[in-house]
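Because only heavy atoms are used, hydrogens play no part in the values below, and waters and symmetry mates are left out as well, while side chains stay in. Small disclaimer: the values here were computed from a predicted structure and weren't measured.
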Amino acid sequence: MALLAAIAPSTGRAQIPNAAGRHRVEIRSTADSTMQPSVFVMPAAPAPSANGRRPLAVMLHTWSFDLDQRDSTVEAEANARGWLLLSPNFRGRSETPLACGSDVAQQDVLDAVAWVRAHYAVDSTRIYLLGRSGGGFMTMLMASRYPDQWAAASAWVGISDLTAWNAEHPTDEYGRMMGGCFGGAPRESETIAAAYAARAPLRYLSPTLRVPLDLAAGVHDTVVSPRHTLNAFQAIAPQALSTVEIEAMMRGQYGQTTPVVDSMLGRTIYVRRTAGASRLTLFEGEHEWISRAAIAWLAAQRRTR
């Protein structure tokens, strides 16, 4: 599958916000020429750099929501830091073939980023991705497929293996939504199984990935098994996490004797591993994220490649 291009799209009409606040913009897709919405937030705080360029945080919505999903902590942190904030729609809820990480949905994210870069002074060394759950899935997918776009990415309680996730939710609403995306379950045909595999972040995550990844999961998550996060970290850092250790962690045997303190997380940390600039965290929690911790980690990252 060929990688998609990050081409500066046309908005189709003049709509370049210049006032602080939350704005809905329409950006022409370079994949199918349709107008696709994004939410763009201009901060009130001054740019954090002397040259006036601002970091850009790209927050990706969860599986069952769309661009109007909000996170007050992310918005407040971005505003206080003088960051631009972008929330693309990438075809909305993950229940149709063009959603759930399709090539077209991926291109929508690239188009939205290109639009911001074309119209605002963006610090190209500080373009960040973040998301939880389905947004964590899309964060891992975009980071692994388009590494040159990002300084770093933070994915919380994310889905790394769509086939495995379907097995976790064979008959509930998530299973129904996956059926809408792919035409059924992986067990129903080789063609459907191949489609699930083609959009799974695990296909693209590898030790050669140049984007620092912050991967986190709550140990009591029953929506997306922590195994997804563990497997994703193992894919980028096999020397830092073995299969034997993953199986032990899934049984609640974390093997960490020295307490880890992270004031931004504010939770008990059962596992904290690092590999280069990437890190893994298993914390006391369920299907959730601590977005201030994600922002704090991202803020320390710069693209040097």
Side-chain angles (χ1 to χ4, degrees), residues 1 60 62-64 90 94-95 97 99-103 105-106 129 131-147 153-209 211 213-238 240-251 271 273 275 278 280-282 286-287 289:
M1 181 162 39
L60 303 178
T62 60
W63 191 265
S64 304
F90 54 99
S94 291
E95 58 186 353
C100 6
S102 72
D103 283 357
Q106 293 172 44
L129 273 172
R132 62 181 171 90
S133 190
F137 152 73
M138 196 67 173
T139 292
M140 289 188 282
L141 186 62
M142 294 301 298
S144 58
R145 296 211 68 204
Y146 311 98
S154 184
W156 292 60
V157 296
I159 305 146
S160 64
D161 183 337
L162 290 170
T163 299
W165 199 51
N166 183 269
E168 294 168 33
H169 299 276
T171 60
D172 65 10
E173 180 67 5
Y174 292 120
R176 184 197 67 76
M177 294 176 76
M178 281 183 266
C181 292
F182 298 104
R187 64 182 178 276
E188 295 179 30
S189 77
E190 292 183 1
T191 299
I192 293 175
Y196 274 77
R199 299 189 195 182
L202 277 182
R203 168 165 289 192
Y204 309 103
L205 293 168
S206 76
T208 62
L209 182 64
V211 181
L213 284 184
D214 176 35
L215 302 172
V219 296
H220 306 298
D221 192 345
T222 59
V223 178
V224 178
S225 168
R227 187 183 295 275
H228 288 267
T229 294
L230 293 170
N231 287 345
F233 187 76
Q234 184 187 49
I236 63 171
L241 183 65
S242 70
T243 300
V244 170
E245 288 178 303
I246 289 175
E247 295 306 320
M249 291 173 186
M250 291 303 299
R251 296 191 300 269
V271 175
R273 298 279 176 95
S278 295
L280 165 70
T281 306
L282 292 188
E286 299 180 355
H287 190 64
W289 71 341

Atom pair SG (C181) and CG (L162), whose distance is rounded to the nearest 0.5 Å: 8.5 Å

D161/N231 under side chain to side chain contact (heavy atoms under 4.5 Å, CB included): CA gap, chis, key distance, verdict: CA-CA 9 Å; D161 183 337; N231 287 345; 5.8 Å; no

Separation between CG of L60 and OG1 of T139, rounded to the nearest 0.5 Å: 4.5 Å

Side-chain heavy atoms of L230 within contact of L282, under 4.5 Å: yes

Shortest non-hydrogen separation from L280 to T229 and the atoms involved: CD1-CG2, 3.6 Å

Test log, rule side chain to side chain donor-acceptor pair (under 3.5 Å), inputs S189 and T191: CA-CA 5 Å; S189 77; T191 299; 4.6 Å; no

Atom pair CE (M142) and CZ (F137), whose distance is rounded to the nearest 0.5 Å: 10.5 Å

Worked verdict on D103 versus R145 for side chain to side chain contact (heavy atoms under 4.5 Å, CB included): CA-CA 11 Å; D103 283 357; R145 296 211 68 204; 3.8 Å; yes

Closest non-hydrogen atom pair between N166 and M178, with its separation: CA-CE, 3.6 Å

Value rounded to 0.5 Å, distance of OG in S160 from CG in L215: 9.0 Å

Spacing of Q234 atom CD and R227 atom CZ [to the nearest 0.5 Å]: 10.0 Å

Donor-acceptor under 3.5 Å (H169 side chain, V223 main chain): yes

Minimum heavy-atom distance G179-Y196, with the two atoms named: N-OH, 4.2 Å

Pairing of E245 and R273 as salt bridge, 4.0 angstrom limit: yes

Nearest-0.5 Å distance that lies between atom CD1 in I159 and atom CG in L141: 11.0 Å

Shortest non-hydrogen contact between S133 and H287, atoms and distance: OG-NE2, 2.8 Å

Residues M177, C100; criterion side chain to side chain contact (heavy atoms under 4.5 Å, CB included); working and verdict: CA-CA 9 Å; M177 294 176 76; C100 6; over 6 Å; no

Pair L213-L205, side chain to side chain contact (heavy atoms under 4.5 Å, CB included): steps then yes or no: CA-CA 10 Å; L213 284 184; L205 293 168; 3.7 Å; yes

Min side-chain heavy-atom separation W156-D214 under 4.5 Å: yes

Nearest non-hydrogen partners of G184 and I192, listed with the distance: O-CG2, 3.7 Å

Nearest heavy-atom neighbours spanning S144 and Y204: OG-CB, 3.4 Å

Plane angle bin for W165 and Y174 - parallel if under 30°, tilted between 30 and 60°, otherwise perpendicular: tilted

Within-4.5 Å side-chain heavy-atom neighbours: T222 and E286: no

